[in-house]
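Notes follow the structure.
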Amino acid sequence: MPEGHTLHRLANALDDAFAGRQVAVASPQGRFAEAAALLHGRTVDAASAHGKHLFVDVDSGLTWHVHLGLIGKFTLTAASGDPAADLPRGEVRARISDGVTIGDLRGPAACEVLTAGEVSDIVGRLGPDPLRADADPEMAWVRIHRSSRPIAALLMDQAVLSGIGNVYRSEVLFRNRLNPRRPGNRLARRSWLAIWADLTYLMPIGVRTGSIDTVRPEHEPAAMGREPRQDDHGGEVYVYRRANQACHVCGSRIRTAVLDGRNLFWCGNCQRRG
DNA sequence: CCTCTATGGCGAA
DNA sequence: TCGCCCTAGAGGC
């Protein structure tokens with residue numbers, strides 16, 4: 001689930017559900033009891049996201065900081081009114097509720113309550129986020145064009161730009177026909193600007209739909225006479241997790257390799273640009 | 001039952 | 001670069 005679009009979508013949903021509402025916050029398994037106690041009974045001011053970080057401001061002036069990591073999930077459901085039916089299921093690390101909506105947090109990498117200064121420190125370490133209106137792609141370009149690391153690694157570095165994960169990096173490189181191993185300092189400036197423009201196009205779609213759909217209309221299953229993608233790892237994609245399958249554009253076998261500790265996918269035929 | 005995997009990131013070596 | 005943390009679902013035996 002969690003690339004930047006997931007967190008922005010979640011922030012929107014939390015803001016809709018809880019802004020202006022007094023909330024109960026509990027840590028059913030006790031792991032985050034300290035954080036829950038600081039939030040319990042407070043009124044939510046606003047929820048927001050920066051990169052893959054979620055921030056929920058409350059009326060004490062403190063902020064709930066959540067990072068979902070690789071496996072974390074934060075689900076919102078309508079309270080049924082039946083306490084037995086609403087009991088936490090699974091490893092619920094934190095539950096927030098106003099009696100109308102229940103938010104359950106599972107498997108987070110971070111769940112803590114921070115001061116405004118601590119929040120600033122975190123945000124200050126992040127590169128520009130394509131989902132934020134204040135984001136400046138030049139901030140990322142300054143680092144990219146000085147680095148010898150491959151562009152596929154730089155895209156995943158949250159200090160260079162934030163919110164991009166393992167699906168978006170493979171997909172945006174494919175869509176722009178870029179060689180994933182091209183070093184940042186040999187990447188054309190126009191290629192970077194194309195990547196950024198594409199991310200600012202793709203990621204808001206992810207926020208709206210909740211899944212990562214990257215396939216252009218002319219390559220969609222109906223247009224190509226193939227079966228729609230049937231798995232839980234996003235929507236229609238060109239290369240992500242399609243190792244050894246045929247490229248939707250040229251038919252070549254999709255390649256995979258570990259790059260920067262994560263599985264990268266690309267088409268060696270389509271992606272030759274720098 | 002078991003093992004493996006995952007849209008992430010940290011710290012040790 | 002590697003091990004490790006966290007949860008849940010899938011697949012193998």
Side-chain angles (χ1 to χ4, degrees), chain A residues 1-11 27-33 35-36 49-55 65-75 77 88-95 103-112 114 118 121-127 129-131 149-150 152-175 180 198-199 202-215 229-244 254 256-266:
Chain A
M1 290 289 284
E3 293 194 31
H5 70 300
T6 302
L7 279 299
H8 282 264
R9 181 179 173 83
L10 177 58
S27 176
Q29 273 68 36
R31 185 183 178 90
F32 298 108
H50 202 133
K52 300 172 190 172
H53 297 259
L54 172 71
F55 300 104
H65 171 230
V66 171
H67 194 295
L68 294 178
L70 180 61
I71 63 171
K73 286 183 170 57
F74 201 145
T75 56
T77 54
R89 273 186 287 277
E91 299 296 311
V92 176
R93 299 303 191 180
R95 165 171 285 196
D104 280 341
L105 175 64
R106 295 177 173 83
C111 171
E112 57 191 353
L114 303 178
E118 291 167 329
D121 289 345
I122 290 173
V123 172
R125 286 194 290 269
L126 296 174
D129 176 350
L131 283 170
R149 297 169 62 206
L154 291 163
L155 287 176
M156 292 277 283
D157 185 339
Q158 302 299 298
V160 174
L161 68 164
S162 60
I164 286 67
N166 204 27
V167 183
Y168 278 122
R169 81 157 167 177
S170 283
E171 292 298 309
V172 79
L173 290 170
F174 178 90
R175 284 170 54 94
D198 210 25
L199 290 170
L202 286 173
M203 295 183 77
I205 296 173
V207 175
R208 283 199 299 276
T209 65
S211 66
I212 299 177
D213 296 284
T214 62
V215 176
R229 181 181 173 89
Q230 297 287 340
D231 69 37
D232 58 357
H233 295 280
E236 287 292 329
V237 292
Y238 282 108
V239 291
Y240 177 70
R241 280 191 143 204
R242 296 196 61 247
N244 300 316
I254 299 299
T256 186
V258 174
L259 195 151
D260 225 38
R262 310 297 299 280
N263 294 319
L264 173 74
F265 303 86
W266 78 100

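Letters A, B, ... mirror the listed sequences (proteins, then strands); counts begin at 1.
- Rounded to whole Å, the P atom of C/dC4 lies 14 Å from the corresponding atom of B/dC4.
- Per the geometry, OH belonging to A/Y240 stands 6 Å off C1' belonging to B/dA6, to the nearest Å.
- When heavy atoms are screened at a 4.0 angstrom cut-off, A/R169 is found touching no nucleic acid atom at all.
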Below 3.5 Å between N/O atoms, which protein atoms pair up with nucleotides 9-13 of chain B? Just atom names and distances, please.
| from | atom 1 | to | atom 2 | distance (Å) |
| --- | --- | --- | --- | --- |
| B/dG9 | OP1 | A/H67 | NE2 | 3.3 |
| B/dG9 | OP2 | A/K52 | NZ | 3.3 |

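- The distance from atom CG of A/L70 to atom P of C/dG9 is 15 Å, rounded to the nearest whole Å.
- In the set C/dA8, B/dG8, C/dC6, C/dC6 carries the atom at the smallest distance from any side-chain atom of A/I71.
- Checking B/dT5, B/dG8, C/dA8 against every side-chain atom of A/R241, the shortest atom distance belongs to B/dT5.
- The shortest distance between side-chain heavy atoms of A/V172 and A/I164 does not fall below 4.5 Å.
- The phosphate of B/dA6 (OP1 or OP2) has no side-chain N or O of A/N166 nearer than 4.0 angstrom.
- Here B/dG8 presents its P atom at 13 Å from CG of A/L161, a figure rounded to the nearest Å.
- Atom CG of A/L131 and atom C1' of B/dT7 are 14 Å apart (whole Å).
- Spacing between C/dA8 and B/dC10 at atom C1', rounded to whole Å, works out to 22 Å.
- To the nearest angstrom, P of B/dT5 lies 17 Å from NZ of A/K73.
- A distance-only check finds no donor-acceptor pair linking the side chain of A/E171 to the backbone of A/R169 [under 3.5 Å].
- Checked against side-chain contact (heavy atoms from CB on, under 4.5 Å), A/D157 has the following partners two or more places apart in sequence or in another chain: A/R149, A/A159, A/V160.
- Inter-residue side-chain proximity for A/V258 and A/N263 is flagged as met; some heavy-atom pair is nearer than 4.5 Å.
- Annotation: salt bridge (Lys or Arg N to Asp or Glu O under 4.0 Å) contacts of A/R9 (sequence neighbours excluded): none.
- Between A/Y168 and B/dT7, a side-chain N or O to OP1/OP2 separation shorter than 4.0 Å is absent.
- B/dG9 and C/dG9 are spaced 23 Å apart, taking the P atom of each and rounding to whole Å.
- Distance A/L7 CG to B/dG8 P: 10 Å, rounded to the nearest Å.
- Side chains of A/V167 and A/H5 form no contact here, defined as non-hydrogen atoms less than 4.5 Å apart.
- If you take CG of A/D260 and P of C/dC2, they are 12 Å apart, rounded to a whole angstrom.
- Side-chain N/O atoms of A/R31 include one lying less than 4.0 angstrom from OP1 or OP2 on C/dC6.
- Ring planes of A/F55 and A/H65: parallel class, angle under 30° (limits at 30 and 60°).
- C/dC13 and B/dT5: their P atoms are spaced 15 Å apart (whole Å).
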